[in-house]
Amino acid sequence: MDTIASVASSVAAPLLRNLTYVLMYSTYLTELETEIKRLQSEEKEVRHTVEAAKRGGEEIEDTVRDWFDRVHAAVEQGQAFLQEEERERVGCMDVYLKYTNSQRARTLVEIVREVRKETFDRVSYRRALRCNVSPAAREYVAIQSRTEMLNDVVKVLKDDGVDIVGVYGMAGVGKTALVKELAWQVEKDGLFDAVVVATVTNSPDVGRIRNEIADGLGLKFDELTELGRASRLRQRIRQEQKILVVLDDMWEKLDLTKVGVPFGEDYKGCKCQLLITSRNLNVLSSNFGAGKFYRLEVLSEDESWELFEKRRGVVVRDPSIQSVAKKVAKSCGGLPLLIVTVVEELKNKDLYAWKDALEQITSFEVEGCLYSRFRSAIELSYDHLESHELKTFFLLLGSMGNGCRTRDLLVFGWCLGLHKHVDSLADGRNRLYKLIDNLRAACLLLDDGERDSVVALEVVRHVAASIASRVKPFFTVQRNKELKWPRMDFFRTCHHIFLDWCYIRKLPEVLECPNLKILQINSQGNYLKIPDDFFVQMKELKVLSLGGLNCTPSLPPSLSLLTDLQAFYLCKCMLEDIATVGEITSLEILSLEKSELKELPAEIGGLSNLRLLDLTDCSTLGGIPGNVISRLTSLEELYMGNCDVQGEARESKSENNDLSLGELKHLNQVTTLNVQIEDTSVFPRDMLSFGRLESYKILIGDGWKWSGVESENYKASRLLKLNSGADPSILKDYGIKMLMTKAEDLYLAELKGVREVLYELNDEGFSQLKHLCILNCAEMESIIGSTEWAYSDHAFPNLESLILHNLINMERICSDPLPAQGFIKLQVIKVKGCDRMEFLFSHSMVKHLSELVEIEISECKSMTNILSGQRQEDADAGQTDKIRLINLRSLTLQCLPSLVSLSPESSTEAPQNGTGFSSQLFNDKVEFPNLETLKLYSINIHNIWNHQLSYFQNLTSLTVDGCERLTCIFSYPVAIKLVKLEHLLLSSCKLVEKIFEPDENLGHVHHFRKSAPTELAPIFPNLETFVISEMDNLISIWPGLLPQNSFCKLKKMEITSCNNLLNVFPCHVLDKLQSLESLNVWNCMALEVVYEIDGINTEQEGSSQGGLDIPLRTLSLGNLPKLKHLWNKDPQGNIRFQNLFMVKASKCKSLNYVFPLSLAKDLLHLQFLEISDCGVEEIIVSDKERVEAALGFVFPKLVSIKFFKLPDLRCFCSGNHNLRFPLLNLFYAVECPAMETFSWGILRASILRKIHLTREGDQWYWEGDLNTTIRKLFNRDLQARLSTL
């Protein structure tokens, strides 16, 4: 019974459940409809919350987005089911269908309920702000200089060792746009996990800066105090794996600790890097001294136009506007801010507006609207200069005009009292240099690296002048301009007048300037006279500078009224009596530089306050009277270069050898001295005062010239040139020894009795010496000899250049061992005519020369190696013998007949030949990984390099000249390593038949269609110039196979005196030379053809017309007696020379024509054609085997045709073709007796009006048109010849 009940139960339960689905059918449908409505209602509520979050700028959680998708799917399924059930209900529904639909409805109800049960902790979150992604918002335009700097900064940021990078530059140069672009790029590329940008401004608000950074990180502060918020931000930054914080526009020190950016001690262990922009380098260096800083310069002229085009677009391409637009772009001084301002101002404007803008910009109307933004920016930089002294100095620069000399600035600043607490000119000069450095750091001056001149961007100077004119009015006329005097009452308020080498027609009788402090009148070319009363109304004058004036017979009397005058310049003036100068006792600075003066008056000795006396280049001065110099007891600086200070000394030698020079002993304040003394016997001995000299240029003995460099009086350097040939005892003088000890530049010549420099000339090691030049010292054997001395570790520690010429007994530079600090800064060494020297460096010495940049060795007969062999004790100690000169950039070896190799040891075996040992210059013992320039002249090596050497990858220039044992220059493995080579010169290598050694692994390709495999590395892909000369046995220039991109940048090629060369370009090289613009071929006696085009493949990528376009612009051929063709056959349009600009051919006796007909059609850019002394019968020749229909040729740019000594020339073109020369205005036909006509078809040369009949152009002929003129000339000459028979 139980079994039956169990079976009945198991059967009844499923039946009952299935029956329930049928009975509950309507209920389930109702539940589904209800649940769907509830879900839709809940979905609507959540969506309202999501939309509110979006309006608040928050991001929606992914779980919420997924829930919406599930809601949509569930509702869609339920509604689809209900719609389908509605349709099925119309008919009669059987029980089974009710069952299945009910079951499905029940399942959908459960699905909808499950979706409804899902809940969220939150629907949204606040995402950290990202950098702008719009290029317009970043305001960045890709320009080469900006892209290069951007890449440099990114490269540095990738270096984990650099934590701080700074970009500085003047206002408007584009710093902000650059760092915005960089921030966007590094974030996009994933270089940083987070990038935040904050603007500091000139009024930094720590709270605002912190908030900008916090916004970028999605951080909200709950803390109430500044300290708490800073700590929270610092903690948040530390949570990032790698973060870049950009602080833009920093003006002064910013306490990053208060902001909350990790710095200093907080920085340790933090992966936060800083990128900071500022207008002032000092702001960056003083606050972040360990950082890497980049100066952003103004745009070049081409880049300015590029930016102009990209911002203005198609408008600047309008021919009516373009020429003016280019001038406008150029006048903006390379400043992106000014360029963008002008571009926006001229949007949709007509030509007159462009012309008006050009006038505003070029006349520097800084008060106008175009300059308003830039003027405000520069004025803000001016306002933030650190001191009143610096501001005053900047305004002085603005009033002076551009290109100010520091010597003038020193004088002006000194006399105006600009430098406070400065007691000497030397201290004043130091202060001046500091001011210049500060203005350069503030980017208000251009940083050209020079201290002798100061240059500002023109627009910056004019803004400075605008400010200065409001403070202290001035009047300035620029150099080489004509002076136009303003109203005289204008000068009553003037503080400064600068007339700097301008054209002045006349000076007024009196110039009323009661407030004038500086007056500069430098007249260009006419030697004006100054009226006697000219200075009467200038009693406040501090500085007077006169140049190019005629001050004979005496100076104007009114000069004596200038009782406050402190500086008086008379430059390039004609002078006679200047005794009046002695009455101006207030004078502190007196310069007579380059003036014509016969005698220095004794009254000058009464200037007791004089600090500086300049007699440089007073070549007519006949000596200096005695007891003048010695009375100038306040003198600090004395300049007498190229001035005869020995005149009276020579005349009265028997009485007193030191008549004037001995007076130098009494000048206890002198710190600067420039003087040249040819007669060593009158040089004052034991001058203890030389020990006080801080700057000097002293030339002693014969053979020295006071060059322009030495005339720059105000450079702070110490130079001594000594030729002791006439008086060897001078080397023992104590004063000379002091000068040698302190010298930075030392030149020695004809020293006698000196075998080594160190110890014999100075036993303290020449610790301050930077440049040493030794000439013609026959007894000298070494620079550092074997003598033991006290300062053995400090020999030449600062020496940068060493020049040794004609030291015939010198054997070596230094004896081993080299002092520990010896030559460690040496950068340049040049050795010439040292015939006993067998090597340049010892093996131990060269290891100290890590800074060496340039080596030049010439005419050393015994030199076999550049380096000596390794010492045995070093080898036994296990020291490596491999040398790497990582900074060497230039190596020149010239006329070294005994040279075998750089070093005697080599790990590569050089092959033997029939004449014995075969030398190889370079081996793997010495490496120059950064060598850029290599010059080899007349050295007897058999090989330059082997296949294994790999350290020439940075070579950019190579010269091989007169190496007569070389048989080949390059192998393929060597050539492909010279990837940066730009300039190649090969000359006088008599045995070289092929420049490129055949490579058996590559095989030989003789046909152009056999293209080089693409996987082969290119040969010389960056070569730009290729010069070959005097290669008598050369038969092949090019390798048999040229991989793709070989010679692809070659622009200029010259070939001269290669007498076995048959052609220049075989067919397989033509498609590679897609940059060649200039070709010169001269004196190649066997040359028969320039271009071989047999079998050429003319399918060229990018050519819509098919065929090969050759970019050649200039072609010059001369003295090629066997040249038959420029092209060995008519290219038939397969090759085009559309860019030809100039063609010249001379002394090519076998040349019958110049252009084939098919090629002449494309000479659209030809401007100059000159053929002389050739066998040419026609310029353009038709194919004799084809009948050519009459064609029309236009030479739209041809302006000049010259034919000289062409006895066989019959015509320009023999076919019945029409020729047109719209611009031809110069035509020479000299000694062309067979020229019967110019052409046989229609000829138009509308502006030609004469034919010149001589080379000088002094004889000409014309008969209405070109053809008629030539025919009449031919008939006239023919009749003349017949009449002589």
Side-chain angles (χ1 to χ4, degrees), residues 138-141 143 145-146 149 166-181 197 199-204 246-252 254 275-285 293-300 303-304 307-308 311 329 331-345 360-361 364-386 390-391 393-395 397-398 402 436-448 454-468:
R138 298 193 304 276
E139 299 179 342
Y140 179 78
V141 177
I143 302 290
S145 62
R146 272 48 187 164
M149 177 165 286
V167 176
Y168 69 101
M170 67 181 298
V173 82
K175 303 180 295 296
T176 298
L178 180 75
V179 296
K180 281 183 179 180
E181 175 70 15
V197 180
T199 304
V200 180
T201 77
N202 61 305
S203 301
V246 180
L247 299 175
D248 185 30
D249 198 23
M250 186 177 288
W251 287 77
E252 57 192 36
L254 180 67
L275 174 60
I276 305 168
T277 73
S278 178
R279 296 186 187 183
N280 198 322
L281 173 61
N282 290 341
V283 171
L284 299 175
S285 59
F293 307 128
Y294 295 87
R295 177 163 177 152
L296 189 62
E297 300 288 359
V298 296
L299 300 175
S300 67
E303 288 179 331
S304 297
L307 176 60
F308 211 87
R311 292 301 294 253
S331 300
C332 288
L335 284 166
L337 174 64
L338 189 53
I339 292 171
V340 171
T341 301
V342 171
V343 164
E344 294 301 318
E345 181 68 23
Q360 286 189 52
I361 294 172
F364 296 100
E365 295 179 12
V366 294
E367 302 298 331
C369 61
L370 291 180
Y371 278 108
S372 59
R373 290 177 63 193
F374 181 74
R375 183 188 69 249
S376 299
I378 294 300
E379 288 181 349
L380 191 60
S381 294
Y382 164 76
D383 291 338
H384 277 77
L385 291 176
E386 61 194 46
L390 192 58
K391 291 180 179 179
F393 180 60
F394 177 63
L395 298 186
L397 290 174
N402 228 339
I436 293 172
D437 289 343
N438 286 343
L439 285 181
R440 285 175 174 168
C443 300
L444 292 173
L445 293 178
L446 297 178
D447 190 2
D448 55 3
V454 177
V455 180
L457 201 66
E458 276 294 318
V459 289
V460 174
R461 190 187 67 78
H462 278 83
V463 173
S466 175
I467 301 172

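- Residue Gly398 comes nearest to Ala465 through the heavy atom pair O-CB, 3.4 Å, listed as atom of the first residue, atom of the second, then distance.
- When every heavy atom of Ala464 is checked against every heavy atom of Leu395, the shortest pair comes out as O-CD2, 3.7 Å.
- Side-chain contact between Phe293 and Ile276: absent, with no pair of heavy atoms (C-beta onward) separated by less than 4.5 Å.
- Contact check for Val283 versus Tyr168: no side-chain heavy atoms found under the 4.5 Å cut-off.
- Here Ser278 contributes atom OG and Leu284 contributes atom CG; the two are 5.0 Å apart, rounded to the nearest 0.5 Å.
- Under the side chain to side chain donor-acceptor pair (under 3.5 Å) criterion, Asn202 pairs with no residue at all, not counting sequence neighbours.
- You'll find the side chain of Arg279 stays beyond 4.5 Å of the side chain of Val173, heavy atoms only.
- Annotation: side chain to side chain donor-acceptor pair (under 3.5 Å) contacts of Ser376 (sequence neighbours excluded): none.
- Note: Leu439 CG to Asn282 CG = 10.0 Å, rounded to the nearest 0.5 Å.
- In this structure, CD1 in Ile378 is found 11.5 Å from CG in Asp383, a value given to the nearest 0.5 Å.
- Contact of the Ile467 side chain with the Lys391 side chain is not registered, since no non-hydrogen atoms from C-beta on lie closer than 4.5 Å.
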> Could you walk me through whether Asn438 and Phe394 pass the side-chain contact (heavy atoms from CB on, under 4.5 Å) check?
Replying inline: CA-CA 10 Å; Asn438 286 343; Phe394 177 63; over 6 Å; no
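- Note that the CG atom of Leu457 and the SG atom of Cys443 stand 11.0 Å from one another [nearest 0.5 Å].
- Interatomic distance, Arg373 CZ to Thr341 OG1, rounded to the nearest 0.5 Å: 4.0 Å.
- A pairwise comparison of heavy atoms in Pro336 and Gly334 identifies CD-O, 3.2 Å as the closest pair.
- Legend: residues meeting side-chain contact (heavy atoms from CB on, under 4.5 Å) with Ala442, ordered by chain and number and at least two apart, are Asn280, Leu385, Leu444.
- Side chain of Arg146 to backbone of Gly174: no donor-acceptor contact under 3.5 angstrom is found.
- Residues satisfying the side chain to side chain donor-acceptor pair (under 3.5 Å) test with Thr277, not counting sequence neighbours, are Asp248.
- Shown here are the salt bridge (charged side-chain N to carboxylate O under 4.0 Å, His left out) partners of Arg461, two or more places apart in sequence or in another chain: Glu458.
- To the nearest 0.5 Å, atom CG of residue Leu446 and atom CE of residue Met170 are 8.0 Å apart.
- With Glu303 contributing its side chain and Ile143 its backbone, the two residues share no donor-acceptor pair below 3.5 Å.
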>> Under the criterion side-chain contact (heavy atoms from CB on, under 4.5 Å), I'd like the reasoning laid out for Trp251 against Leu380: C-alpha separation, chi angles, the key distance, then a yes or no.
In response: CA-CA 10 Å; Trp251 287 77; Leu380 191 60; 3.6 Å; yes
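- Considering only residues two or more places apart in sequence or on other chains, Glu297 meets the salt bridge (charged side-chain N to carboxylate O under 4.0 Å, His left out) condition with Arg295.
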